[in-house]
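From a predicted model like this one, the values you see are computed outputs, not experimental measurements. Order of the sequence lines sets the chain letters (A, B, ...), proteins ahead of strands, with each chain counted from 1.
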2 protein chains.
Amino acid sequence: MRSGRVTIADVARAAGVSKGAVSFALNERPGVAVDTRERILKVAADLGWTPSQPARALSTSRAHALGLVMARPPEILAEDSFFPAFIAGIEAELVGSGYALVLQVVAPDREHDGYRRLARGGRVDGVLLTDVRVEDSRIPLLESLSLAAVTLNRTHADSPFPAISVDDRPAVTAAVRHLIELGHRDIAHVSGPEEYVHVVARRTAWEQALAAAGLARGPLVQGSFSARGGASATRRLLDRPEPPTAIVYASDIMAIAGLAAARERGLEVPRDLSVIGFDDTPLAAHVHPALTTARTDVLGWGRAATRALMALASGRAQPDVECPPAELILRDSTGPSNPQQQQGSQQ
Amino acid sequence: MRSGRVTIADVARAAGVSKGAVSFALNERPGVAVDTRERILKVAADLGWTPSQPARALSTSRAHALGLVMARPPEILAEDSFFPAFIAGIEAELVGSGYALVLQVVAPDREHDGYRRLARGGRVDGVLLTDVRVEDSRIPLLESLSLAAVTLNRTHADSPFPAISVDDRPAVTAAVRHLIELGHRDIAHVSGPEEYVHVVARRTAWEQALAAAGLARGPLVQGSFSARGGASATRRLLDRPEPPTAIVYASDIMAIAGLAAARERGLEVPRDLSVIGFDDTPLAAHVHPALTTARTDVLGWGRAATRALMALASGRAQPDVECPPAELILRDSTGPSNPQQQQGSQQ
DNA sequence: CATCGCCGCTAAACCGGTTTATTAAGGAGA
DNA sequence: TCTCCTTAATAAACCGGTTTAGCGGCGATG
């Protein structure tokens with residue numbers, strides 16, 4: 001009575017039953033008469049009782065929580081709209097499930113520690129693996145920690161974990177085709193670190209779309225997914241003796257920074273240069289010119305991944321899931337190729 | 001031996017002591033001889049034992065976790081660089097403390113549920129309150145849930161919780177003064193929902209700086225902290241019979257969208273219009289023209305708030321903390337007032 | 001009418017830690 | 001040498017749930 005929390009024993013006493021009966025009633029297990037169950041639930045509601053998660057976790061040896069490790073450098077974390085949307089998707093699925101999300105932000109070189117901290121002490125039942133690598137050292141790590149996991153996109157290495165994937169390639173293919181239809185023949189790509197599977201997928205799609213059209217592979221610059229990286233990659237492309245007439249970026253942030261870099265050079269988009277981003281950041285529609293880009297349902301991706309991981313953590317084996325592919329959104333940053341105008345226009 | 005997890009009993013047996021001794025040794029409590037303690041710790045390390053958090057939480061009735069509820073609409077969540085930086089700050093302080101961060105993303109009208117879910121079931125020992133309101137209904141809620149909390153900035157209502165504050169006003173004051181020095185006399189403000197204390201603080205600082213210079217209060221438009229809101233607020237300002245020559249925005253995202261909106265109108269920044277943002281998003285330096293804005297050490301803010309909350313959750317009363325104020329960063333989006341050029345330049 | 005089986009419920013063990021009460025051993029003081 | 005006090009360590013209770021074993025009571029069955 002004087003103690004703070006209401007416990008299962010209080011409920012049992014008030015309902016005139018045993019602790020076990022309350023537990024059974026709460027978890028909808030057979031062995032409790034319907035009217036008894038209802039009486040118990042009513043008493044529980046009246047007393048405002050909710051089972052203690054730690055106690056429940058201790059006896060079931062399941063934390064009823066999922067983990068997410070974010071290992072990006074702070075600058076990129078702050079710029080990217082992926083995580084906020086993704087986390088919103090996770091939570092949309094978690095609401096009402098009794099599961100919680102435990103976060104871990106770590107320096108990129110301390111990534112493994114993040115997973116170890118979550119696993120040890122049994123804080124979570126499983127983790128969501130984002131930013132999946134071609135060869136991902138987290139896979140063996142998680143196996144050794146015997147943590148459940150799902151990967152966002154398939155790693156190229158062997159993985160026992162279900163992959164929840166979004167195919168970026170159709171949008172990139174469509175982007176390149178769109179540019180070719182506009183008359184572009186020199187189409188560059190600003191990618192990211194090649195260790196990431198999504199970077200490779202986008203770069204490959206760009207290459208293959210060019211090859212399919214019988215065009216030479218345009219210049220490729222590796223950006224860093226940051227605004228700074230996008231700006232410097234763009235400057236490097238524009239400094240070439242024969243600068244490209246169009247650039248396909250692996251992210252909106254790099255593309256938006258590219259827009260500014262082009263303008264500094266006196267180029268006007270899309271007259272002198274066509275630009276295509278990737279992500280469809282909310283800002284993309286509100287820069288000048290509005291950015292042609294690729295859209296992915298990140299929130300839906302988060303939901304699908306979470307659903308699979310919860311099922312997996314409950315012991316049900318899960319198949320791979322294929323989410324709807326990214327699609328191209330046409331806006332105003334792409335236009336007809338206009339090479340003579342552009343060449344040597346600066347200085 | 002065959003069971004998965006190593007428990008304290010395994011360590012005790014291996015070290016030839018009792019469970020209690022292991023617990024004492026781990027928690028550095030007196031009553032264990034130095035060499036015994038070292039032997040125990042060595043055995044624990046050899047066995048790879050880490051105490052189970054749920055078990056520990058059950059006996060100490062402390063979750064060793066903090067909670068953060070994000071109640072912004074998805075669009076704004078995705079655009080804003082605040083949360084990623086803030087969360088990075090929280091984690092920077094949490095690393096090595098044994099605490100974890102539990103996240104809860106909810107629809108703005110379901111905010112209270114988020115806190116209830118965290119409190120019930122004892123998932124967290126305390127919560128960080130962001131986006132503090134002038135009259136904040138979460139304060140009485142948290143008192144009734146008897147959850148510890150710190151607020152980011154002081155609510156105007158009574159609050160028993162320590163406030164960890166950053167003063168936005170000096171930067172806004174400096175921004176307005178800077179514009180006045182450049183010859184501007186008609187300085188508008190795009191703010192946000194007036195329920196937020198930081199919105200009121202920025203708007204008030206803008207008003208007071210104008211009044212201090214003997215200038216009339218310029219036009220005020222309430223934005224929504226989204227790119228879309230920034231664009232439409234800007235258009236509304238530029239549609240006035242006598243459009244302002246300078247706009248101070250309450251956020252970078254709105255300012256960047258404003259840049260594009262001005263350009264659509266045929267205005268050139270800063271020649272025809274000066275623009276100042278707030279936040280110093282990483283992108284701010286990489287748009288064209290580079291955005292003059294206000295910078296806050298959000299990461300440091302997160303650290304300070306987390307430090308205070310952990311201490312509070314451990315039972316130590318905490319004083320209010322004042323973090324370094326926001327400061328103005330001069331870039332290229334502000335220039336001398338040029339009103340004749342601008343008026344009627346569109347159409 | 002005796003037996004079986006099932007239903008509804010209880011008592012008690014258990015999860016893996018922390019903490020309190022208690023005991024054994026060793027050293028100082030008289 | 002005996003007593004007293006301190007220190008080191010243990011055994012057992014406890015945190016708040018879940019889960020297993022078991023036990024009355026009742027209807028169905030033979």
Side-chain angles (χ1 to χ4, degrees), chain A residues 2-41 43-44 47-65 98 119-123 125 314-315, chain B residues 1-41 43-44 47-65 98 119-123 125 314:
Chain A
R2 68 173 154 295
S3 92
R5 282 192 63 80
V6 179
T7 76
I8 198 173
D10 300 324
V11 176
R13 201 175 313 121
V17 296
S18 69
K19 280 169 49 176
V22 177
S23 179
F24 283 159
L26 184 78
N27 296 307
E28 296 179 337
R29 296 171 54 126
V32 177
V34 175
D35 52 344
T36 311
R37 178 206 311 289
E38 278 171 5
R39 180 164 43 92
I40 292 174
L41 293 181
V43 169
L47 267 53
W49 174 72
T50 321
S52 147
Q53 287 303 331
R56 179 181 257 250
L58 181 57
S59 37
T60 61
S61 59
R62 336 232 353 321
H64 295 281
R120 286 190 195 177
R123 283 218 189 252
D125 301 324
S314 306
Chain B
M1 175 164 284
R2 69 172 154 295
S3 91
R5 284 192 63 79
V6 179
T7 75
I8 198 173
D10 300 324
V11 176
R13 201 176 313 121
V17 295
S18 68
K19 278 169 51 177
V22 176
S23 180
F24 283 159
L26 184 75
N27 297 305
E28 297 179 337
R29 295 169 55 125
V32 175
V34 175
D35 52 343
T36 310
R37 178 205 311 290
E38 278 171 5
R39 179 164 45 93
I40 292 174
L41 293 182
V43 170
L47 265 53
W49 174 73
T50 321
S52 148
Q53 287 303 330
R56 178 180 258 249
L58 181 57
S59 37
T60 60
S61 59
R62 334 232 353 319
H64 296 280
R120 287 188 194 178
R123 282 218 189 254
D125 300 324
S314 305

Worksheet entry | B/Arg120 atom CZ, neighbour heavy-atom count above 12 within 6.0 Å | no
Check: A/Ile40 and A/Arg37 side chains under 4.5 Å, non-hydrogen atoms:
no
Atom CG of A/Asp35 and atom C1' of C/dC7 are separated, to the nearest Å, by 13 Å
- Go through A/Trp49 and A/Leu26 one step at a time and tell me if the side chain to side chain contact (heavy atoms under 4.5 Å, CB included) criterion holds. CA-CA 11 Å; A/Trp49 174 72; A/Leu26 184 78; 3.9 Å; yes
Note to self: Run B/Arg62 and B/Ser314 through side chain to side chain contact (heavy atoms under 4.5 Å, CB included) and show every step you take.
What the structure shows: CA-CA 9 Å; B/Arg62 334 232 353 319; B/Ser314 305; 4.2 Å; yes
So, does B/Thr60 use its side chain to make a donor-acceptor pair with the main chain of B/Arg56 at under 3.5 Å?
yes
Nearest-nucleotide check on DNA chain D, B/Gly16 vs B/Leu58; residue mapping nearer the 5' end is B/Gly16
Check your understanding: Does the A/Arg39 side chain pair with the main chain of A/Ala15, one donor and one acceptor, at a distance under 3.5 Å?
Key -> yes
Taking five pairs at each terminus, the helix from C/dC1-D/dG30 to C/dA30-D/dT1 shows an axis bend, to 10°, of 60°
Heavy-atom nearest pair, A/Val32 first then A/Ala21, reads CG2-O, 4.1 Å
Between B/Val22 and the options B/Thr7, B/Ile8, B/Asp10, the side chain to side chain contact (heavy atoms under 4.5 Å, CB included) test singles out B/Ile8
B/S/- along nucleotides 17-22 of chain D (protein heavy atoms under 4.0 Å) is BBBB--
